[in-house]
Amino acid sequence: MRRSALLSIALLVASTAGAQAPAAPKLSVHWEELTGPDFTTAIARAQNTCLLPIGIMEKHGPHLPIGNDLLNVRYVSLNAAQQEYAVVFPEYYFGQIFEAKHEPGTVAYSRELQLQLLQETTDEMARNGCKKVIIVNGHGGNPNLLNFFAQSQLDKAHDYVVYIEGIARSGAGEPAHKSPRAGDQHAGESETSVSMIARPDLVHLDRAKSESGADQARLKLPDGLYTGIWWYAKFPNHYAGQGEVASRELGEFETKNWIDAIVKSIRAVKADQESQRLQNEFYERSKHPLDTPVQP
Ligand SMILES: [Zn+2]
């Protein structure tokens with residue numbers, strides 16, 4: 001009896017332990033690393049929210065890699081998605097970069113293809129359950145393209161919402177910069193500092209002074225008058241700033257700031273049910289605008 005009582009207790013303990021809910025399986029945030037069955041679980045866990053980090057292939061001064069913007073935007077997006085779960089689309093670098101066609105390694109697709117590829121990519125993401133697509137931009141030449149792309153989603157009905165997350169590196173409490181803030185742009189102190197966190201092995205600080213990152217101010221036009229050659233007129237070396245004064249301290253701050261901004265946006269997007277509802281209302285009304293009621 002005693003033996004069987006002990007056995008019963010042992011069995012009870014074992015069954016109680018076995019009855020504990022199994023820990024939720026760890027799911028990669030990388031779209032391409034998930035199995036088919038895990039992908040379904042991942043989309044549910046992400047509440048249909050997916051990230052599409054977009055970079056570029058473009059010269060970044062004499063000291064940073066051509067894929068700098070892709071590497072950095074993926075670094076912050078993947079880190080953000082690990083904090084607030086979202087599925088991250090694979091490497092995407094098919095953005096706007098005509099102004100660097102004179103530099104080695106630039107990949108500049110036609111404007112038609114940029115828009116078509118982006119549309120088909122977000123369509124395919126949505127078909128796979130990504131009903132909320134956050135395009136996380138990592139390249140300074142993309143905002144006009146991306147904002148136009150988001151605006152053009154109103155042309156035809158879509159059962160998903162496109163959001164655009166910009167570059168958000170600076171913020172309150174930032175360590176002092178060593179170079180003038182106004183001139184610190186492409187491959188300058190700030191961007192180079194972030195690269196020192198994302199991919200320090202690809203940063204060649206010792207080469208940063210071998211080219212000029214100064215504004216060459218070759219166009220004299222009034223403020224507010226825009227022309228496409230403006231960037232080339234200012235920074236023909238595809239370098240704007242002083243990368244040589246970059247630091248890990250600044251990089252850590254700016255990287256964290258950017259990751260925090262993405263995390264905040266993922267949370268806001270998960271909670272947002274209004275954008276899709278308004279889109280649906282808008283698409284319906286735009287079929288017969290004469291019947292559109294005046295909003296009270
Ligand atoms: Zn860049």
Side-chain angles (χ1 to χ4, degrees), residues 51-80 91-109 114 135-147 164-170 177 179-205 207-216 228 230-248 250-259 261-262:
L51 304 186
L52 173 56
I54 176 168
I56 208 74
M57 289 299 140
E58 161 202 27
K59 181 187 172 191
H60 272 77
H63 61 292
L64 294 179
I66 287 167
N68 189 73
D69 291 349
L70 179 68
L71 296 166
N72 286 0
V73 78
R74 289 192 64 79
Y75 180 85
V76 291
S77 297
L78 291 164
N79 273 281
E91 272 82 356
Y92 192 99
Y93 52 88
F94 316 109
Q96 189 297 121
I97 190 55
F98 297 121
E99 65 273 26
K101 283 183 81 171
H102 63 301
E103 297 286 13
T106 302
V107 180
Y109 292 98
Q114 289 171 44
I135 301 178
V136 185
N137 182 35
H139 165 56
N142 278 341
N144 292 339
L145 166 73
L146 296 179
N147 290 345
I164 313 288
E165 174 74 29
I167 300 171
R169 294 197 303 248
S170 23
H177 288 229
S179 60
R181 295 292 284 265
D184 179 19
Q185 300 176 54
H186 189 75
E189 178 182 0
S190 162
E191 183 170 25
T192 303
S193 295
V194 171
S195 307
M196 287 170 80
I197 303 301
R199 283 301 300 271
D201 55 315
L202 300 178
V203 178
H204 308 282
L205 269 196
R207 301 183 202 165
K209 281 176 92 164
S210 65
E211 292 180 12
S212 169
D215 182 354
Q216 306 203 6
W230 75 275
W231 175 262
Y232 178 80
K234 288 160 95 62
F235 306 107
N237 296 331
H238 268 255
Y239 185 18
Q242 296 170 247
E244 69 274 13
V245 295
S247 70
R248 282 190 59 89
L250 182 60
E252 267 158 20
F253 179 93
E254 296 211 352
T255 304
K256 183 177 180 304
N257 213 61
W258 198 359
I259 292 169
I262 301 169

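One-based numbering, in listed order, for ligands and for the atoms of each. In this text the structure is predicted, and so the values were computed from the model without any measurement. Quick note: numbers below take in every heavy atom, side chains included, and nothing from hydrogens, waters or symmetry partners.
Inclusion of H60 in the first shell of the Zn ion (ligand 1) is supported: an N, O or S atom falls under 2.8 Å.
Between F94 and Y92, the ring-plane angle classifies as perpendicular under the 30° and 60° cut-offs.
We find the NE2-NZ distance between H186 and K59 to be 8.5 Å, quoted to the nearest 0.5 Å. Taking OG1 of T255 as the start and CE of M196 as the end, the distance is 10.5 Å to the nearest 0.5 Å.
The atom of D69 nearest to the Zn ion (ligand 1) is OD1, with the search restricted to N, O or S atoms. Of all N, O or S atoms in E191, the one lying closest to the Zn ion (ligand 1) is OE2.
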Please walk me through it: do H63 and Y239 pass ring-ring contact (aromatic ring centres under 6.0 Å, His included)?
-> CA-CA 10 Å; H63 61 292; Y239 185 18; 5.3 Å; yes
